2 protein chains.
Amino acid sequence: MGYKHNKEEILEVGYQVIRKNGYHHVGINQILKEAGIPKGSFYNFFESKEDFAKQVIQYYGEGNRSWLKGIFQESIETPINTLKSFYKLLIDYNEEDNFCSGCLINNMGNETGRLYDVLAKETKEQFDQWLDLIADVVRKGQEAGEITDRFSPTEISNYLHSGFYGTFFKMKVERSREDMDTWLAMTFEFINA
Amino acid sequence: MGYKHNKEEILEVGYQVIRKNGYHHVGINQILKEAGIPKGSFYNFFESKEDFAKQVIQYYGEGNRSWLKGIFQESIETPINTLKSFYKLLIDYNEEDNFCSGCLINNMGNETGRLYDVLAKETKEQFDQWLDLIADVVRKGQEAGEITDRFSPTEISNYLHSGFYGTFFKMKVERSREDMDTWLAMTFEFINA
DNA sequence: TCAAAAATAAACCGATTGGTCTAATTTAGA
DNA sequence: TCTAAATTAGACCAATCGGTTTATTTTTGA
């Protein structure tokens, strides 16, 4: 409160740095340097590196959830096109840093899923809340007869987002959106009613 | 040749350890300990940690390619069922260690894609060679009228395997095969002719 | 206005990192 | 059989790791 350093600014730096470099590859010192704070201040805000990472995941998860809510509410397209535009936006977003970072949640889940109960749990929690929002749009699409009803909204939203996560592998090793665009076209043809 | 330590044994240990723990989270000392070799021997075989990881990727990529060739050649099922059984086998394989490790190639691509040109290149190379083998089966499935021909063999094999990679996220944070099984059922209904 | 609490600042800590060095041992080929 | 090369062995290195400590400054509320 009115103090020199701002917790949210540190979390934002942490988001950027960890998203790009991963959890284990990033040291506290790098965070300190990029955020411009001394170590004492960091450990005043956060109990440990793991606690910091957990709060970064929360910060990003919640921010992204608000963003998601907004674009779904304000969309003037039909449900299926709302979803397709949403994934196109995500691909565009990844193009901005030359396809080298991917998604913090996907990265964290894959990197620390096995090792850190705390981080895996937080990761899953944020992911699940995103999926609920996506599932709502899928349900509307099914009610409108646009999206296949051979599978439930939960199954389809899961299928969509995990499929999207799968494209990050080739995106990163090829530094290209080609595969993501193909995935988008194929998936939305498949889930068509 | 006939010396005390065997390079392939060290690579196998490296595969197990790095697949499970990731690249940055694993130190040389851990490899030495688990492989039972002193540091001097390690650096006699490998130039650096990065060189070691590269050879681990090659070792695993080539081994897996042989395995893939074998099960595709020996399969007595139709092409589409050969593929479905193949992915079921992969899920079963991940169940063996309680869904905590995933695929070395996917892990490496996601973790080091941005950071290490050497490792990303090797990862992509091995992946591409797997995909060629899968694409051959897809082509046969299309010729047999089992698999949709709305997309090319390359597009479909890419779609299959990147979709499979996408399921690793939830597998790891939930330690469950539920999502993978659902993905399998949905995907093979979608690519049906 | 002033004392208690909160936040800032950086020196410092032991443990571990990837990697080097030197010496001893084992192997291969002349 | 003997020498040169390859391999084994682990002590050693500077740098970095996550984290603690102590002292100072800033803020807060009585």
Side-chain angles (χ1 to χ4, degrees), chain A residues 1-57 59 107-108 111-112 114-120 122, chain B residues 1-57 59 107-108 111-112 114-120 122:
Chain A
M1 246 27 133
Y3 278 50
K4 194 169 181 184
H5 301 308
N6 177 285
K7 192 171 168 180
E8 197 155 307
E9 277 175 19
I10 308 173
L11 289 173
E12 176 63 27
V13 168
Y15 163 66
Q16 304 283 356
V17 173
I18 295 178
R19 172 179 173 240
K20 186 176 281 185
N21 301 289
Y23 176 69
H24 292 110
H25 192 52
V26 166
I28 299 291
N29 288 324
Q30 187 179 347
I31 304 285
L32 304 181
K33 199 176 159 195
E34 300 215 21
I37 55 166
K39 202 166 262 191
S41 303
F42 180 89
Y43 279 98
N44 181 50
F45 285 124
F46 310 102
E47 286 177 18
S48 64
K49 185 188 180 186
E50 190 182 55
D51 176 54
F52 174 65
K54 183 187 168 182
Q55 293 198 43
V56 166
I57 294 167
Y59 161 80
N107 293 351
M108 286 300 276
E111 186 183 350
T112 71
R114 133 151 175 76
L115 300 155
Y116 296 93
D117 283 349
V118 177
L119 298 184
E122 191 56 48
Chain B
M1 242 38 128
Y3 278 51
K4 195 171 181 183
H5 303 307
N6 176 287
K7 190 171 169 180
E8 197 155 306
E9 278 175 18
I10 308 173
L11 290 173
E12 176 62 28
V13 168
Y15 163 66
Q16 305 283 356
V17 174
I18 294 177
R19 172 179 172 239
K20 186 177 280 184
N21 302 289
Y23 176 70
H24 291 110
H25 192 50
V26 166
I28 300 290
N29 289 324
Q30 186 178 348
I31 304 284
L32 303 181
K33 199 177 160 192
E34 300 215 24
I37 55 167
K39 202 165 262 193
S41 303
F42 180 89
Y43 279 98
N44 181 48
F45 284 124
F46 309 103
E47 286 178 18
S48 64
K49 186 187 180 185
E50 190 181 56
D51 176 55
F52 174 64
K54 182 187 168 182
Q55 293 198 41
V56 166
I57 294 168
Y59 161 79
N107 293 350
M108 286 299 277
E111 186 184 349
T112 71
R114 136 153 171 74
L115 301 154
Y116 295 92
D117 283 349
V118 177
L119 298 184
E122 191 56 49

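All heavy atoms count here, side chains included; hydrogens, waters and symmetry mates do not. Proteins get letters first, then strands, A, B, ... in listed order; numbering begins at 1 in each. Here the structure is a predicted model, which is why all the values come from computation and not from measurement.
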Rounded distance in Å - NZ (A:K33) to C1' (C:dA9): 18 Å
Full working for ring pair (Phe, Tyr, Trp, His ring centres under 6.0 Å) between A:H25 and B:H24: CA-CA 6 Å; A:H25 192 52; B:H24 291 110; 3.9 Å; yes
Euclidean distance, atom CG of residue A:N44 to atom P of D:dG18 [Å, nearest integer]: 19 Å
Side-chain heavy atoms of B:F45 within contact of B:I37, under 4.5 Å: no
Row check, B:Y23 ring normal vs B:K49 NZ/CZ: under 6.0 Å, within 45°: yes
Proximity to the side chain of B:S48 - top-ranked nucleotide from D:dT8, C:dT8, C:dG19: C:dG19
Given C:dG19, D:dG10, C:dA10, the nucleotide with the shortest approach to the side chain of A:P38: C:dA10
Distance below 4.0 Å between A:N29 side-chain N/O and D:dC17 OP1 or OP2: yes
Pairwise 5' ranking along DNA chain C for B:G40 and B:Q30, keeping only the more 5' one: B:Q30
Sugar-phosphate only, base, or nothing, as touched by B:G27 at under 4.0 Å among non-hydrogen atoms: sugar-phosphate
Atom pair distance, as rounded to whole Å: NZ in A:K39 and P in C:dT8: 16 Å
Sugar-phosphate, base or nothing in reach of A:K49, heavy atoms under 4.0 Å: sugar-phosphate
Closest to side chain of B:I28, choosing from D:dG18, D:dT8, C:dG18: C:dG18
Contact summary for B:V13 and B:I31, nearest pair of heavy atoms: CG1-O, 4.3 Å
Nearest-angstrom distance from the residue atom CG of B:L32 to P of C:dG19: 12 Å
